[in-house]
Structure formats: C-alpha cells, structure tokens
Amino acid sequence: MTELPKAYEPNFVEEKWQTRWMSEGCFHADPQSAKPAYSIVIPPPNVTGVLHMGHVLNNTIQDILARRARQEGKEVLWLPGTDHAGIATQARVEKELAKETPPRTRYDVGREDFVNMVWEWKEKHGGIIIKQLKKLGCSCDWERERFTMDSVFAPEVARAFTELFKEGLIYRGRRMVNWDPVLRTALSDEEVIMTPSKSKLYTIRYKLADGSGQLLVSTTRPETIMADVAVAVNPKDPRFGHLIGKTVIRPLVETEIPIIADDHVEIDFGTGALKITPAHDRTDFEVGMKNNLEIIDVLTADGHINCPACPELHGMDRFAARDKSIELIEAKGLLEKVEDYENNVGISQRSDVPIEPRLSMQWFLKYPCVEEAAAAVANGDIVFRPAHWAKTYAHWLEGIQDWCISRQLWWGHRIPVWYRKDKATELQEATKLDAEDAAAGDIYVGVEPPADPENWVQDEDALDTWFSSWLWPFATMDAECRAKFYPTSDLVTGPDIIFFWVARMIMAGYRFADGKKPFSNVFFTSIVRDLLGRKMSKSLGNSPDPLDLIAKYGADGLRFGLMRIAPTGTDVKFDEKQIEEGKNFANKLYNAARFRMMQGEASTDPAPKFTPVHIDILSKLKELHATVAEGLAKYEFNTYTQALYSFFWNEYCSLFLEAVKNDLRDGDPAVKNATLYTIDTVLRHYLALLSPIMPHIAEELWQSLGFAARYEGKPLMSTPLPQAEALLAGLDETEISKARALSTALYETANRARNLKAEYNLATNKKVRFILKPGALPLTDDLLARLALLAGSQSATADAAYEAPKGTPTALTPFGELFLPLDGLVDVEAERSRISKELEKMTKEIAKSQAKLGNATFVDRAPAAVVEQERARLAEWESKKAQLEAMLTALS
RNA sequence: GCACGAGUAGCUCAGUGGUAGAGCGGCUGUCUUACACACAGUUGGUCAGGAGUUCGAAUCUCUUCUCGUGUACCA
C-alpha cells in the first residue's frame, strides 16, 4: 500500500476533478434525453462582479440541488451567465477614463466609441466571477453560458419592448422621477433607499404682500425657495382661513406668490403652512398640477443651482447652496428658527447620494400579468421558501406603480424606438407618446432598425438592466432547450431582489413564455452578515474573499462549513471558525478512507459474520439515507449537512470504527470479512450522499477506494445513488432492533468505563482491567472484547461471582455492575460519596416522576404512550436506585 | 407608522406540546499504530421579561423590551 500523507490537501484534488468533470462533459445537459428534466437558471452575477460570500451560499445551494438531481436520474440543466449591469459596468469604464491624463469623460469619447470601450473591457476583465464559480465546483453547463447583451439575448429584449409597446403598456411621458445627480440618470423606485437622516428644519417668515403680517413656513430645503410658487394651508384650519387668496412675498427672488388651500397640508404639523415647490417635490408637484401652478426648476441635472435671478446661489452645489440660502434669509431678518430634525431621505442605491425628485421625460411600463403573478404565489403554483416572503411579494404587487424603464446611460440595451427625422425634436418634447403615435407613422418601434435609417433618429436612452434580467429564465434558452427545460424547477436567490427580479420574472414568464410560470420553487437564501450582524460590504472591509477561504480550507470545506451554519429563513452570521470546521471534516473523511486503504482487499465472503455493531451502523446508514432525502426535499440544507456530519464523525468514526478495529488485526476471518464489507458499504453509500455538498473529496475518495470500478468506471457525480433498500435486506426488524439495542448498551457501557478511568485520573491510554457482574442483557464474548477495546483496557471480563474489595470504583451499566479494580488503591470514602451523589440524583428524579404519575389529570389526559414512557422511566430509576443502595450497603 | 423575521450555553446555531441539544471555545488528561485538522473526560442555560391556555410550554396565545429586514410617509 502506498504511503499517503496524513493530512488532506484539497487544492490539487479539487482542481483535478473540476478539469476532469468538464472534459468528460459531466455538467452538460442534453435536451434530447429521455430522463425527466431538472433545471435551474443561475441568478446572473454582474459581469463586473467578484465572488462574495452571498454568491458562495447561493451557488452552493444550487449545486447541491443540481448534483443531487443528477444522482436521482434526472437530466439536469444548470444554466450560467452574467448580467451586463448597466450602471455598474459603465461606471467602471468611466473610472478608467477619469484616471487618464488628462482625465476624460464618456462625453469626450462619444457614444459609439465609449460603448466599444465597454465591450473591450468586458471581453478583457469581465466574467472573473465565472472562473471563481468554477473554483467553487459549480456544476453549471458552461457550454451554455449566456450574457444579457449577447446576440441571442438582445433581440429578445427588443422584442419584449416592442410587444409591450404595441399593447399599450409602454409609454413615454413627462413625469416626476427619482433623479440621480451624480450618474445623471433616472432610477426606478426600487433603486432608491429611504434612509433616516439627521437634518435641520428651518422656519422662515413669509411676509404678507399687503403688509398686514407674516406666515411662518417650515422647510428642510431652503435652497429651493426660489422655486416656490405658492404657500398652502389646510382649508379647515381656522387660523388661516382669512388668508386664503392673499399673497406673500417669496423670501428669495422676491415675488408675490398666492396663499392657496389644499387638503394635503396637515394642520398639526409644523406651522400648518407649507411652501409649494412643484419642480422639486413629488407631492408639491401634484398640488401644483391640481391648482394649475407654474413649475420653476432651479436645479441642473448634476445637482447645481440654476437661478440667474439669484446670483449669490447660481451655480452652487445643492448642499452648499442650502447653507448659503439660509445666510441670505437670515440677513434679511426672515429666519424664525432652526431645529434639529430627523427625516427620511431617498438615497441612490448606485451612487449613494440623495436623489432629486425631478420632472423629466422617461419611458414607463404598466406591468403585464400582475394578477396572474399574484395568484400564482397565493395559490401555491409557485412556492416560496421560506413561505413568509409570499406576503412581502403580495404587498408589493398590491401597491405596484408603473416602472420607469429608461436610463440616461450608454451601456445597455438602447431603447428600440426611432423618431421621424423631420419631426424628431417635436416628438421628443411631446408630453406623451404611445402606441397611437406609432400607428400614425411618426415613430417606429421594432427589433430591427427601420429599413431607411437615414430618415430616423433613435431614442438616446438605454433600458434599465432589470428590463433584460426579467427575461432570463426563457430568453437564455433556444427552442429545443426550452421544450425540455422550461419552466425551470428551482430558483435560488436572495430576498433583497424579490421585487427587482423575482416578481418581474414571474410576470414576464406569464406574458412572454406561453403563459407559463418561469419556475416552480423559489428558495430565498439568508443574507450573510459579519459577527456583529452587519451586512458584508467592501467599505466596511468585513467581507472575506471566498478565494482566500478556498485556498485556506478548500472549496469543499468552505461549502460544507457555510451550509452547516446557514439557517433557513434568517440571516447567517459568518464566522471563519465554521469554515475551518469544514476543512477539519474533510480531513476526517480523508483519514477514515486512508484507514480503510491500509486494510487490504475487500471481502468476497458470501456470508460475512455480522455482529451487533455491524448491523447497528448499517441500520443507521439506512436512516441517514432517509434523513438526507427528507432534508433535501424540504430544502432544509442545515438538516442535511448536520445529519451527514454527525453520522460520519460520531456514529461511524467514534463508535463503529473504534469498536471494530481489532477485527482487522486478528481473530475470526469471517468477522473480519463482515467488518471490511460493512466499512466498504458505509463508505460507498456515504460518499454518494455527501457528493452534492463536498463533491471533490467525495469523488477523490470514491476513486481511491476503488468504488468506481463497480459502476463502469464512471465518476461518482455521474453515478446513480446507491439504493438504501439493499441495506440489511436479509434481516428482519426484530433482529435489527435487537442488534441496535445491544450496540447502544455497549457504547453506553464503554462510556461508563471511560468515566471511571477519568474520575480516578487514569490516562486514556493506561491499560486497566474491567469486571462486569452481568445483569439483564446477555453478554457475549464479542461484546466483551469490543468493550475492552472501546474503554482502552487490557481486558473486560464477566464474572457473576465477583466479590469486589471494599471501595472498588463501580458504575451501573445496561449490562450490570461494572468494576474497575484498583489493586491497592481502594478508597472506601471516595466511593461512598460518589455513589451517594448518584443516589441523590436518582431519588430526585424518582420523586419528580412519581409526582407526575400521581397527578390524576396527567394520567387521564396525556396520551397513553407518554404515560407508559413515564412509567418505564420510573421503573428503571427505581431499579437503579435499589442497586445503588445495595452497593452502598456493601461498602459499609 | 405598518408588515415580516429574530432573541436558547462565552460564540455560531439545532430543537414547534412530553426529562433543554450539537459544534466550537474554556478546563483536565492523552502524540493509544486513520486523523493533535485528532482522541477521552469535563465545565457551562430562569430558553429576552411578564401574563395566560394546558395535566404539562423553549414550543401555542396576549403583552413589553431589544435587534434586523421590508414598506409608507408631514414640509
């Protein structure tokens, strides 16, 4: 037997198998296959992205599902790819431009050249994450890798736009949108994060034009006062009724503006008077429309003041202008007071700066198939796990607003709309454009550009990235593939994109893919946080690099460690210690296999001589099959992982292997054969069950233990799961439960024996002699020999007539009284006190149990089985108590 | 404000009506010929607080507190 290193080195092994699997086409999905289909589409990471812990969690789960499905005989498609991520990718290249000397912007480069530069960047640096997913061991069909802007996908996006436009669901209009002044683009509501912020509430005096007094008005945004067009009060407010219809003087760029009445104003809030600035506030805009007020815009697209009438502020940054405007007002003696104030400010998810409500021309979508999408989840046609996300989903759909789908970006799908050249300016300024205008022939909408391009001008805007992502489950598949693998089976993603992506995919599925839902199950993963409960982020520097973790602990170790702590339904706090445990577990597996390899050829004995411990572990293995199947069927990945861990480490290594080691050295060859057979069976089944979560080490050990030969030499990952039914097929239930009871008793007795040694400060490896005075359970030589081995003793013997010297350490075991003779070292007092202590505990338990059984209501109402269990427990304790009392008497 | 999660050992988490668990950590021993990335033993909990339902509650109900997430907003 060749000498193997003592510790498992994952890196070489993992790379070797990743290469082999791919070269043998193990991940490839065959749409022609007769097997039942199982499919997942990957949530496409940004093409600029690098692997983070969230990806690891998410993709490990998908890989477990995919690999298990293959073992269950399904034809599996796990479709990978990346997202063009409009803003992120464009920003990435703009950053490169800014670093040049002299620095350039995309405007310096021009649209066409800039877009080419982004493509170049994508080809060169994009898709790092794909390589990283491969290092994690993901079994995606890499031959089918897609990109949301590739030549197959792009026409699908334009087609979706065109259809929705023709249906009248897409329109262009001048509306209040969320404007990002740094990126200079509109954003959807979902891209704005409402954040509580500390700010100031300024109360300002607006003088009545007739000189009869003043009106106090509070605001957090004094820099927009120049855009005020009215002051509103509630019509029911008795304080101000007489003022309605009068005018006040606007404090900056002094002009008379009217005092109007509007229900929107809360009587109890602030001063009860509200300045109306339609250009810079959503609700003010509505009030303005209702009252037919002028709209004065005093901000530029990049958030600077645009108000030549107020030269002190003109051209200033919006935040600097805030302070300056207050200075100006104070100088005029119009500042009443300044208070600290906390309000919610909308922050751009992308650029992290406060957004501006801004009136601008944008494209909007009225969502299709909203009702079908809501119903599908409500009636269980699409199952959400954990189920409570269904409520969040339903709530969002109820209050759904039209989606602003245009972005003032260059990188992305350009809006497939062309304007007639001679009317282009006029058309682009129209307050509303929709299907009717297309019918009139003024605009052209289509997948292909118009036939006479020289007569047309294309819309400048690009589409929101999510407008392509929502087509992902079907636009990634060709017709053949779709016929076999659509609808997909499972979707695994984070709950943070439930609206951005999941909900929209469901609507798109019903609308565009023959009215079929895009997937049957959605599994929402936890969000990975650091130990302080904070989200992992680059700025906090609390996000470990998964590649470092793979280098340190192996991909298998990382996968296993993370899955072991990932709860279902809540966030997971990441602790590197857990990953180390994953590595330790891999090492344990490796060494257990190495131990087997040192034992020579497998057994060919047709009738191996099983002893109770053999039957016990095989029966537990059968149970493990069931636990694993159930855990995975319910998507309880931590149950699955935990079951694998405790079976192998505790049941197989710590108990079974330790109990059978001697069989392999000498003794009955038939028993040796039984042991080899059992070890091989356990390892063979176990590696198959483990393979989905720790594929590399499972495959490596499968090969080195020679199991592949049994299955036409195929890799483990392409081998069907061994059948649990074959285990212990020749034995009946009574024999099995008898063997299990004896084994449990054996292991418990061994524990007692080790306890005795430890209590007398005897080192684990100190050879001692145990004597058992047999009790109820039958003691065989086989069990005695195993007991001796487990307890680390020279011998364990049965002696019914044994007379222990007074003070000999003893313990009660399922097999009877166990003695540890310490020749010459007896201490009567120590023994008395030990036994008394145990007796005391027993008496307490008995009292508790008697009280319970003495309670008539308990006996009447509790289920019979529970009462019976309690009675049995009491009987056992009482018998133990009697024995302990006898032991105590013998000591005196 | 509303909705949804979570609060169990020093840490990370299991446990959904029937004697409070695991791993790690701590402490003691041990390099016992698969594994010191290990083995053996041991320590450690008013199950966030309170009330209720029940023969019986970590588990069900109500309530309070703390943390997280989503969502709506009044300047």
Side-chain angles (χ1 to χ4, degrees), chain A residues 4 6-8 193-194 201-203 217-221 232 264-277 281 283-284 341 343-344 386 388-392 395-396 399 495-496 498-499 527 529 531 533-535 553 557 564-567 569-575 577-578 580-599 636 638-639 642 645-646 649-650 653-654 657-658 661 665 751 754-759 761-767 789-792 845 848-849 852 855-863 865-867 869-870 873:
Chain A
L4 289 164
K6 276 189 166 191
Y8 177 58
I193 304 159
M194 296 308 283
L201 185 65
Y202 304 95
T203 303
V217 177
S218 294
T219 181
T220 52
R221 302 208 58 191
H264 171 72
V265 183
E266 299 257 337
I267 296 174
D268 298 333
F269 187 88
T271 62
L274 170 65
K275 77 188 194 77
I276 302 297
T277 321
D281 184 279
T283 46
D284 286 9
Y341 190 67
N343 64 341
N344 278 328
H388 65 81
W389 289 111
K391 205 163 178 176
T392 308
H395 182 247
W396 183 73
D496 48 337
I498 187 167
F499 310 137
I527 289 178
R529 296 175 176 282
L531 281 173
R534 300 173 305 181
K535 242 182 176 168
Y553 306 109
R564 200 152 163 256
I565 51 165
T570 51
D571 295 347
V572 51
K573 282 193 202 151
F574 178 77
D575 186 353
K577 201 85 200 149
Q578 304 288 339
E580 193 183 335
E581 282 178 43
K583 180 200 168 147
N584 293 350
F585 184 55
N587 191 55
K588 187 75 178 176
L589 290 161
Y590 168 78
N591 274 293
R594 197 164 68 98
F595 175 70
R596 170 61 190 93
M597 287 180 238
M598 291 171 175
Q599 311 305 328
E636 286 169 2
N638 50 353
T639 307
Q642 199 50 49
Y645 184 91
S646 76
W649 204 304
N650 303 330
C653 289
S654 296
L657 273 190
E658 293 304 327
K661 271 184 176 169
R665 289 179 198 159
N751 275 335
R754 286 194 288 235
N755 286 351
L756 278 186
K757 274 176 82 172
E759 276 179 67
N761 290 323
L762 300 169
T764 335
N765 58 352
K766 168 91 178 164
K767 293 294 175 200
L789 181 63
L790 287 164
E845 293 292 353
K848 236 164 86 181
S849 185
K852 208 166 177 184
N855 181 344
T857 342
F858 169 69
V859 179
D860 276 1
R861 302 219 188 149
V866 172
V867 178
Q869 194 188 335
E870 192 63 40
R873 206 179 285 153

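In what follows, every chain begins at residue 1, and chains take the letters A, B, ... in the order their sequences are listed. Worth knowing before you read on, the calculation uses all heavy atoms, side chains too, and leaves out hydrogens, waters and symmetry mates.
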| Between A/F585 and A/Y645, what is the ring plane arrangement, given parallel below 30°, perpendicular above 60°, and tilted in between? | tilted
| Rounded to the nearest Å, what distance is computed from the CD1 atom of residue A/I565 to the C1' atom of nucleotide B/C13? | 9 Å
| request: Mind telling me whether A/F499 and A/W396 have parallel, tilted or perpendicular rings, with 30° and 60° as the class edges? | output: parallel
| Between B/C37, B/A22, B/U19, which one does the side chain of A/E845 approach most closely? | B/U19
| Going 5' to 3' along nucleotides 39-44 of chain B, which nucleotides have protein heavy atoms under 4.0 Å from the base (write B), which only from the sugar-phosphate (write S), and which from neither (write -)? | SSSS--
| Reckon A/K577 has a side-chain N or O less than 4.0 Å from the OP1 or OP2 of B/C24? | no
| Across all strands shown, which nucleotide pairs with B/U61 by Watson-Crick or G-U wobble geometry, both distances under 3.5 Å? | B/A51
| field | Pair partner, B/U69 [Watson-Crick or wobble, under 3.5 Å] | value | B/A3
| task | Give the rounded distance in Å between these two atoms: CG of A/L201 and P of B/C74. | result | 14 Å
| note | Walking RNA chain B from its 5' end, the first of A/G272 and A/T639 to be reached, judged by nearest nucleotide, is A/T639
| said: I want to check one thing: is the phosphate of B/A3, taken as OP1 and OP2, less than 4.0 Å away from some side-chain N or O of A/K391? | reply: no
| message | What verdict does the side chain to side chain contact (heavy atoms under 4.5 Å, CB included) test give for A/K661 and A/F595, after you've listed the backbone C-alpha separation in whole Å, the side-chain angles of each residue and the deciding distance to 0.1 Å? | response | CA-CA 10 Å; A/K661 271 184 176 169; A/F595 175 70; 3.9 Å; yes
| Interatomic distance where CD belongs to A/E636 and P belongs to B/U16 [whole Å] | 10 Å
| A/L657 side chain, from C-beta outward: closest of B/A34, B/A75, B/A14 | B/A34
| query | Taking the nucleotide of RNA chain B with the closest heavy atom to each, which residue, A/F499 or A/T271, is nearer the 5' end? | reply | A/F499
| Counting only N and O atoms by type, is there a donor-acceptor contact under 3.5 Å from the side chain of A/N591 to the main-chain atoms of A/K6? | yes
| request: State the pairing partner of B/G17; accept Watson-Crick or G-U wobble contacts with both distances under 3.5 Å, and report none otherwise. | output: none
| Out of B/U30, B/C35, B/G70, whichever nucleotide has its closest atom nearest the side chain of A/A763 | B/U30
| message | From CE of A/M194 over to P of B/U71, roughly how many Å is that when rounded to an integer? | response | 10 Å
| query | Considering only B/C4, B/A75, B/G18, which nucleotide approaches the side chain of A/H388 most closely? | reply | B/C4
| query | Listed by chain and number, what are the side-chain contact (heavy atoms from CB on, under 4.5 Å) partners of A/H264, not counting sequence neighbours? | reply | A/D262, A/L274, A/T283, A/V287
| note | Testing B/A36, B/U19, B/A75 for proximity to the side chain of A/Y341, the answer is B/A75
| field | Any-strand Watson-Crick or G-U partner of B/U28, both distances under 3.5 Å | value | B/A40
| With respect to the side chain of A/E581, which nucleotide from B/A22, B/U12, B/G23 is positioned closest? | B/G23
| said: Expressed as a whole number of angstroms, how long is the span from A/R665:CZ to B/A34:P? | reply: 6 Å
| field | For atom OH of A/Y202 and atom P of B/C74, their distance in whole Å | value | 19 Å
| message | Both distances below 3.5 Å, Watson-Crick or wobble geometry, any strand: find the nucleotide opposite B/U33. | response | none
| query | Roughly, in whole Å, what's the span from OH in A/Y590 to P in B/A36? | reply | 12 Å
| task | Ignoring the backbone of A/H395, work out which of B/G23, B/A75, B/U71 is nearest its side chain. | result | B/U71
| message | Strictly below 4.0 Å: does A/S849 bring a side-chain N or O up to OP1 or OP2 of B/U19? | response | no
| Can you tell me if A/R754 uses its side chain to pair, donor with acceptor, with the backbone of A/G792 under 3.5 Å? | no
| request: Would you mind classifying the nucleic acid contact of A/R221 as base, sugar-phosphate or nothing, using non-hydrogen atoms under 4.0 angstrom? | output: nothing
| In whole angstrom, what separates A/K573's NZ from B/U69's P? | 12 Å
| message | Under 3.5 Å, is there any donor-acceptor pair linking the side chain of A/K661 to the base of B/A34? | response | yes
| note | For B/G23, the nucleotide meeting Watson-Crick or G-U wobble distances (both under 3.5 Å) is B/C11
| request: Hunt down the Watson-Crick or G-U wobble partner of B/G56, both distances under 3.5 Å, from any strand shown, or write none. | output: none
| Pairing of A/E580 and A/K583 as salt bridge, 4.0 angstrom limit | no
| said: Can you see if the side chain of A/N584 gets near the phosphate of B/A38 - specifically, an N or O under 4.0 Å from OP1 or OP2? | reply: yes
